[in-house]
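Data first, discussion second: the structure below is written as structure tokens.
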Amino acid sequence: MSKRLVLSLVLALPALSLAGAGFFHPHGLTYDTSQQWSSLHFPGLLAFPLVGASLAWLVRGRNDTLAWVVRLTAVTYAAFYSALDVINGIAAGYVTHRLGPGVPRPDEIRYLFDIGRPLGDIGEWGLIACCLAVTVDQVLRHRLWGAPAAAMVLGAWFVRGDHIFTPIGVVGMAIIGVVSGYLAWHDPRIFASRRMDPDSERELVGARQ
């Protein structure tokens with residue numbers, strides 16, 4: 001298996017794994033769903049931030065302004081969406097289960113969602129901004145080869161509206177995963193051991209047009 005294929009699969013895996021997890025994500029939090037609810041969010045502690053890491057990897061080795069926009073928005077998404085994962089996912093699910101069956105949801109659970117939801121909003125907008133920055137970067141550098149990156153903006157919008165719930169959230173994360181892998185596959189610069197000089201990079205971009 002080639003290095004290019006392996007890295008493409010690695011970059012696609014975090015979002016694709018979250019899309020797969022979405023098929024098992026309950027649509028509502030009750031005592032009966034609480035264990036599954038919280039258990040699914042434990043691996044999310046790794047998977048959600050790695051989606052941002054995959055996007056940031058696409059600008060590896062660069063110090064231009066657009067590359068830093070990608071990195072900063074990726075970090076914003078990773079940090080704030082992880083907070084949503086911990087509070088609304090792990091904590092709310094754990095407390096709901098500990099309350100026992102037949103217990104009405106107390107105000108304390110609603111308070112957790114009141115904290116987690118605004119943090120998640122910031123993370124979601126960070127993901128949308130990151131995907132948009134990646135799209136602009138790809139189109140500027142690779143023209144038509146980079147145009148499929150625009151699909152990630154739609155995927156991020158789906159995640160904003162539906163988390164990883166089926167079907168829309170699953171589709172959104174799947175789009176981000178597939179396109180991340182595609183961009184890695186079609187961008188040989190990410191396999192360079194050191195940063196290309198400007199003339200070499202222009203020749204590479206020109207050759208792909």
Side-chain angles (χ1 to χ4, degrees), residues 8-29 33 36-59 69-90 92-93 113-139 145-186:
S8 297
L9 292 174
V10 167
L11 295 185
L13 184 60
L16 291 180
S17 65
L18 287 167
F23 285 103
F24 305 95
H25 196 307
H27 278 254
L29 177 58
T33 64
Q36 186 175 359
W37 180 283
S38 58
S39 296
L40 279 172
H41 286 87
F42 275 107
L45 287 173
L46 291 176
F48 283 116
L50 286 176
V51 172
S54 294
L55 296 172
W57 185 273
L58 296 172
V59 296
V69 171
V70 172
R71 294 187 187 103
L72 291 174
T73 52
V75 169
T76 299
Y77 152 74
F80 285 90
Y81 212 76
S82 292
L84 172 72
D85 180 59
V86 171
I87 298 171
N88 287 17
I90 297 172
F113 281 94
D114 288 344
I115 297 171
R117 184 66 261 169
L119 297 175
D121 286 341
I122 298 172
E124 289 161 356
W125 284 113
L127 180 61
I128 292 170
C130 185
C131 291
L132 182 59
V134 169
T135 299
V136 172
D137 180 66
Q138 290 289 321
V139 171
W145 286 105
M152 289 198 300
V153 180
L154 179 62
W157 185 260
F158 285 168
V159 172
R160 166 161 172 73
D162 231 18
H163 185 45
I164 58 170
F165 295 120
T166 55
I168 302 301
V170 167
V171 171
M173 272 299 180
I175 291 173
I176 293 172
V178 169
V179 177
S180 295
Y182 164 85
L183 295 177
W185 178 265
H186 285 280

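If you read the sequence from its start, that first residue is 1, and numbering goes on from there.
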Go through it in stages, so that I can follow the logic: the residues are W145 and Y182, the test is side chain to side chain contact (heavy atoms under 4.5 Å, CB included), and I'd like the CA-CA distance, side-chain angles, deciding distance and then a yes or no.
CA-CA 10 Å; W145 286 105; Y182 164 85; 3.9 Å; yes

Measuring from atom [atom1] of [X] to atom [atom2] of [Y], what distance do you get when rounded to the nearest 0.5 angstrom?
X	Y	atom1	atom2	result
I176	C130	CD1	SG	9.0 Å
L11	L58	CG	CG	6.0 Å
F80	D85	CZ	CG	15.0 Å
R117	I87	CZ	CD1	11.5 Å
T73	I128	OG1	CD1	11.5 Å
M173	L16	CE	CG	10.5 Å

Locate the shortest heavy-atom distance separating [X] from [Y]; write the atom from each residue and the value.
X	Y	result
L55	C131	CD1-SG, 4.1 Å
A151	V179	CB-CG2, 4.1 Å
A74	G52	CB-O, 3.5 Å
L46	P49	O-CD, 3.3 Å
W157	W125	CZ3-CH2, 3.6 Å
A19	A174	CB-N, 3.8 Å

Any donor-acceptor pair under 3.5 Å linking the side chain of [X] with the backbone of [Y]?
X	Y	result
S8	W185	yes
R71	V59	yes
Y77	F48	yes
T135	A149	yes
T33	G28	yes
Q36	F24	yes

For W37, the option from N88, I90, L29 that meets side-chain contact (heavy atoms from CB on, under 4.5 Å)
L29

Does L18 form a side chain to side chain contact (heavy atoms under 4.5 Å, CB included) with V159? I'd like the steps, not just the answer.
CA-CA 11 Å; L18 287 167; V159 172; over 6 Å; no

Contacts satisfying side-chain hydrogen bond (donor to acceptor under 3.5 Å, both in side chains) that involve residues 12-27 (not counting sequence neighbours) are H25-H41, H27-T166

